[in-house]
Amino acid sequence: MSLPEEHVERIWRVVASIPRGRVESYGSIARRAGLPRRARLVGQALRQAPEALGLPWHRVVNAAGRISFPEGSRMHSLQRRLLEEEGVRFRGRAVAREHRDAPPDLDELLWGPPSRPAR
DNA sequence: AGGATGACAGTGT
DNA sequence: AACACTGCCATCC
């Protein structure tokens, strides 16, 4: 089986939509691309992304908020530098919470999205 | 053909 | 917080 070009492009689009100064996890990106539970595909799609696209690949971190390249590797330091350059701060090895995707709160889980029309 | 390998994640301890 | 284990799936020997 190969990774359908269609999937790859949806992933690229989602990554392109991550605003400056914020980060998003592989899993979250996969979900938003309509590929739930397939976080690994995000990494693969990113790996084969042409440089010319100018994707903000550095805004993609793992679920723990940490950079997935090995510590001390070139890619790791590059990613960290790019993030810090756009104002992202770290707490230890993880991106500070203020830059991560907002966790769904209990109210929303129980009551559903606020956009639902009131009776 | 089949096992190892990842730019991962969820759950359990 | 750090492991260990399992699910995941395209790629690469």
Side-chain angles (χ1 to χ4, degrees):
Chain A
M1 233 66 114
S2 74
L3 215 183
E5 187 63 21
E6 177 199 348
H7 291 184
V8 173
E9 287 177 359
R10 289 213 304 270
I11 290 169
W12 286 348
R13 257 190 293 282
V14 172
V15 170
S17 80
I18 307 173
R20 205 187 137 74
R22 306 202 78 253
V23 299
E24 185 165 354
S25 71
Y26 295 87
S28 168
I29 290 165
R31 280 193 306 277
R32 285 215 287 136
L35 301 165
R37 278 186 296 314
R38 297 197 227 176
R40 302 195 97 118
L41 299 195
V42 174
Q44 292 180 140
L46 242 34
R47 195 180 36 166
Q48 71 181 69
E51 166 74 29
L53 282 183
L55 286 183
W57 60 269
H58 57 286
R59 299 183 189 139
V60 183
V61 298
N62 66 30
R66 299 176 48 179
I67 291 171
S68 284
F69 293 108
E71 201 121 21
S73 72
R74 244 192 129 81
M75 278 293 127
H76 183 102
S77 36
L78 172 59
Q79 182 169 7
R80 174 143 186 169
R81 198 191 81 232
L82 290 172
L83 285 172
E84 286 176 332
E85 277 176 4
E86 61 181 47
V88 172
R89 303 214 321 254
F90 284 73
R91 185 176 8 153
R93 312 172 199 181
V95 169
R97 285 245 311 269
E98 37 174 334
H99 310 291
R100 315 235 217 119
D101 13 324
D105 70 283
L106 187 56
D107 276 354
E108 183 173 345
L109 287 177
L110 291 174
W111 287 92
S115 55
R116 191 182 52 177
R119 166 168 39 98

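Chain letters run A, B, ... following the sequence lines, proteins first and then strands; every chain starts at 1. As a basis for the values below, the full set of heavy atoms in this structure was taken, side chains included, without hydrogen atoms, waters or symmetry mates.
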Engineer: Are A/Arg40 and A/Tyr26 in a cation-pi contact, defined as NZ or CZ under 6.0 Å from the six-membered ring centre and within 45° of the axis?
Structural biologist: no

Engineer: Measure CD/A/Glu24 against P/B/dC8 and give the value in whole Å, please.
Structural biologist: 15 Å

Engineer: Mind checking the P distance from B/dA7 to C/dT6? Whole angstroms is fine.
Structural biologist: 22 Å

Engineer: To the nearest Å, give me how far apart NE2 (A/His7) and P (B/dC8) are.
Structural biologist: 20 Å

Engineer: Identify, residue by residue, the members of residues 67-78 of chain A with a heavy atom below 4.0 Å from DNA chain B, and return them in order of residue number, or none.
Structural biologist: A/Ser68, A/Phe69

Engineer: I want to check something: taking the side chain as every heavy atom from C-beta on, are A/Leu35 and A/Ile11 in contact at a cut-off of under 4.5 Å?
Structural biologist: yes

Engineer: Can you tell me, in whole Å, how much space there is between the C1' of B/dA1 and that of C/dC13?
Structural biologist: 12 Å

Engineer: What are the atom names and distances for every N/O pair under 3.5 Å that joins the protein to nucleotides 8-12 of chain C?
Structural biologist:
residue	atom	partner	partner atom	Å
C/dA10	O4'	A/Gln44	OE1	3.3
C/dA10	O4'	A/Gln44	NE2	3.2
C/dA10	N3	A/Gln44	OE1	3.4

Engineer: Look at the side chain of A/Trp12 and the backbone N and O of A/Ala45, then say whether any donor-acceptor pair between them is shorter than 3.5 Å.
Structural biologist: yes

Engineer: Just verifying a value: how many Å separate A/Leu55 CG and A/Arg13 CZ, rounded to the nearest 0.5 Å?
Structural biologist: 11.0 Å

Engineer: Report the residue from A/Arg59, A/Arg81, A/Arg80 that forms a salt bridge (Lys or Arg N to Asp or Glu O under 4.0 Å) with A/Glu86.
Structural biologist: A/Arg59

Engineer: Would you check if there is a donor-acceptor pair between the side chains of A/Ser25 and A/Arg100 at a distance under 3.5 Å?
Structural biologist: no

Engineer: Working to the nearest 0.5 angstrom, can you tell me the gap between A/Leu46 CG and A/His58 NE2?
Structural biologist: 11.5 Å

Engineer: Is the shortest side-chain heavy-atom distance between A/Gln79 and A/Trp57 below 4.5 Å?
Structural biologist: yes

